[in-house]
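Following: one structure in structure tokens, then a few remarks.
Keep in mind that the numbers below use all heavy atoms, side chains included, and drop hydrogens, waters and symmetry copies.
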Amino acid sequence: MKILDRYILTTYLKTFISVFSILVLIFVLQTIWLYIGELAGKDLDMVVIVKFIFYVTPKLMPLILPLTILLSSIMVFGSFAENYEFAAMKSTGISLQRAMSGLSIFIVALGFVTFIFANNIIPWAEYNFYNLRVNIKKSKPSMAIAKGQFNEIGTYNIKVEDKKGEGGKVFDDVTIHIKDAAQRTNAETIKSKSGELISEEESPTLSLILKDGNYYNDIQTRNLKEKQKQPFAKGTFERYTINIDLSQMDVDFDDKSTSNTYNMLSIGKLDYTLDSLAKTHMEDQKIFYKAIYQRSNINKSVTAKELIKKDEPLENEKITDSIFTGNVLDLYPLNEKIGIVRAALSNADGIRQYLITKVNTDKPKAIIYARHIISLHEKLALGFACVILFFVGAPLGALIRKGGIGLPLVIAIFIFLTYHFIGIFATNSAKSGGLNPVLAPWFSTLIMFPLSVYLTKRATQDKGLFEFGNIIDPIKGMLNIKSDDKLDYKFFATLKNEKLLDIVKNYNTLGYEEDSRFEAIQVLNSRGKTTEELSEEINIKSDFAVSQNIAKNFFSHAKFSIVLYWIGIILLVLFFVFRNNKLPSLASSSIQLSIILLVLYGIYYVKSIFNMVNLYKHINKKISSLQIMLLIIGLPLYMLTHLFLKSEIKQDLKQNCLDSLK
């Protein structure tokens with residue numbers, strides 16, 4: 001391994017381990033908060049808590065690992081570009097692909113390890129995590145019933161107004177709704193003044209003793225008039241015992257019940273299960289075809305001659321053969337025609353009802369089959385996703401030329417949320433039958449693949465992230481906004497300070513344009529040379545240093561404003577997504593965070609306006625009507641006005657610098 005490869009790999013691993021550790025901590029804490037209702041008040045020892053964290057952590061790897069790779073890549077390669085390390089590499093003939101080659105081998109190896117992890121460790125963790133949660137739920141049956149709300153346990157829906165006594169096993173004012181056999185309606189209601197749990201911790205049943213109450217039973221009647229009266233039977237009791245099987249409790253908030261064991265299977269077991277499900281489906285189809293054939297009464301059909309009564313002449317046609325091509329009903333008298341039509345309609349209605357029942361029966365089976373396919377391909381797609389996201393993050397970092405936590409974190413979260421939610425929507429569509437289940441786990445990766453190719457190509461050619469000129473220049477012309485310089489001054493970063501100072505002093509004799517003086521000063525400032533220090537070597541007014549500081553504050557506040565704006569808007573969009581998908585807790589958190597961030601955005605937006613006003617006051621220039629209009633529009637639509645305002649400030653600051661040099 002060459003020194004360069006070792007240096008890049010070491011730098012990347014340091015960032016990778018740091019980011020990975022932080023994300024594991026964040027996601028584990030978030031998961032514990034999600035399941036806090038199952039853990040709180042159980043008097044669980046530390047061993048059980050550690051087991052809970054140990055089993056839940058592997059389940060989070062499909063989220064943590066891709067985000068870690070993406071964020072680490074942007075941070076490391078952005079830092080290389082920001083510190084001109086890539087420029088130094090290119091000056092020695094080392095291209096971006098060569099710089100990424102050693103790290104690419106590590107990422108591919110990590111992809112294989114991720115596949116092995118997803119195929120073996122994650123199913124094992126799913127299985128143990130599910131069973132541990134069930135055992136925690138059984139450790140204190142009284143915790144299954146929260147006061148002040150209905151708690152659904154199997155066919156029982158229990159509400160208690162208050163809990164008291166040791167372990168909260170004594171209840172006041174108990175209301176219980178019991179569903180019917182079809183579990184569609186509440187067929188029985190029980191109300192009692194008090195109740196008590198007598199179950200042991202190891203008992204598989206929840207024994208509830210009710211005292212001093214009544215029960216109400218709905219009476220089912222076929223008489224429509226009686227049914228409209230909603231009759232019921234009422235009974236009174238002094239002591240009534242209910243035994244509830246805890247195995248029927250819906251204790252899995254992530255829908256990982258024993259019927260959804262696809263999350264607990266490796267690829268080999270999933271393949272075997274899929275084969276079994278396919279065979280079962282084929283057998284069901286054969287039974288279905290046979291039932292339809294029997295219901296259609298095709299085997300009971302007869303020839304025309306058998307239908308003709310020899311002592312009754314036909315009205316329309318004389319039959320001379322057993323094959324009849326006319327209307328079969330013409331062979332029967334009117335009264336028999338009516339009977340035949342009624343029988344055919346009844347038969348057709350029966351087949352229709354059977355088909356509807358069959359569709360409703362097959363739909364859950366199709367969903368289970370699709371989930372097994374999705375689970376199989378998710379294990380395969382995870383490793384590829386890690387590789388693809390590396391080739392998105394690494395060139396993106398080189399293009400944005402910014403390291404650290406700030407901007408790379410925002411970009412990484414935005415890209416990852418896009419990747420993640422595309423995957424969620426594709427998976428949900430596949431489960432409902434709207435998308436091929438084989439394609440769904442790969443869909444977000446396939447979306448990211450062209451982006452990785454595009455970004456790698458742009459970074460290799462040392463071009464910008466996007467060709468904004470083709471989009472912005474016409475808009476600038478329409479709005480009478482000054483265009484940026486067409487001359488590329490990026491090579492100034494490779495020049496020495498003495499050469500840059502010479503350009504500032506003698507740009508005419510060296511063949512440069514006047515704007516080159518400003519660009520040279522900008523490079524010198526980036527290298528730690530303040531404007532006050534430069535004023536000792538070049539003839540520049542001290543007022544420009546004040547203008548620079550005001551503009552710096554504007555750019556800082558504007559940058560923070562756009563970050564807060566985007567995160568606030570994204571959370572606002574997520575609020576509607578979570579609300580539509582019936583996730584009220586996530587929706588509530590999203591809208592609260594969105595409001596806070598948008599309020600902060602408004603504060604920093606106002607600060608940036610004050611900076612802008614102070615800058616124009618200092619340089620003795622009036623704010624144009626266009627800029628005022630952009631400021632008004634910018635409050636709700638900052639993503640549209642941010643670039644225009646930033647471009648205007650840069651142009652005016654450049655002109656102020658050139659005026660100070662005269």
Side-chain angles (χ1 to χ4, degrees), residues 406-407 468-469 471-487 489 492 504 507 513-526 529-535 538-566 598-662:
L407 182 61
F468 283 111
I471 302 173
I472 296 177
D473 287 345
I475 300 176
K476 286 184 176 180
M478 180 180 64
L479 298 176
N480 196 25
I481 298 176
K482 298 176 183 178
S483 300
D484 292 333
D485 292 326
K486 302 300 182 181
L487 185 61
Y489 293 102
F492 274 20
V504 175
Y507 71 97
E513 297 178 356
E514 187 179 19
D515 291 346
S516 62
R517 307 175 78 187
F518 173 77
E519 299 296 336
I521 292 174
Q522 291 290 94
V523 175
L524 289 168
N525 289 153
S526 67
K529 290 277 190 178
T530 63
T531 304
E532 290 83 356
E533 294 174 352
L534 293 175
S535 62
I538 59 177
N539 185 19
I540 184 171
K541 295 178 182 179
S542 59
D543 286 347
F544 176 67
V546 179
S547 302
Q548 270 189 318
N549 290 330
I550 299 173
K552 184 178 179 181
N553 291 333
F554 169 83
F555 292 135
S556 177
H557 291 148
K559 180 180 177 181
F560 203 50
S561 297
I562 195 67
V563 171
L564 292 171
Y565 177 88
W566 275 116
L598 290 177
V599 169
L600 290 174
Y601 151 69
I603 294 172
Y604 277 90
Y605 182 75
V606 172
K607 284 186 175 183
S608 66
I609 292 176
F610 278 116
N611 295 141
M612 183 176 176
V613 172
N614 290 335
L615 176 63
Y616 281 99
K617 184 178 180 181
H618 179 73
I619 63 176
N620 296 321
K621 184 178 179 181
K622 292 183 179 180
I623 299 177
S624 66
S625 57
L626 173 61
Q627 289 172 325
I628 295 174
M629 183 183 69
L630 290 175
L631 289 173
I632 296 172
I633 298 174
L635 188 59
L637 300 173
Y638 196 49
M639 71 284 192
L640 297 179
T641 62
H642 174 71
L643 292 176
F644 294 116
L645 290 172
K646 189 176 178 181
S647 176
E648 281 287 287
I649 295 292
K650 284 184 176 180
Q651 288 290 338
D652 292 330
L653 183 65
K654 179 192 295 185
Q655 189 60 45
N656 180 248
C657 175
L658 298 177
D659 292 340
S660 300
L661 288 168
K662 291 179 180 178

Taken in chain and number order and not counting sequence neighbours, the residues that satisfy ring pair (Phe, Tyr, Trp, His ring centres under 6.0 Å) with Tyr604 are His557, Phe560

Test side chain to side chain contact (heavy atoms under 4.5 Å, CB included) on Phe554 and Ile550 and set out the steps. CA-CA 6 Å; Phe554 169 83; Ile550 299 173; 5.9 Å; no

Rounding to 0.5 Å, atoms OH (Tyr565) and CD1 (Ile562) come to a distance of 7.0 Å

Excluding sequence neighbours, so at least two apart, what forms side chain to side chain contact (heavy atoms under 4.5 Å, CB included) with Val606? Phe610

Ala558 to Ser608 - nearest heavy-atom pair and separation: N-CB, 4.2 Å

For the residue pair Ala551 and Leu615, what are the closest heavy atoms and their distance? CB-CD2, 4.4 Å

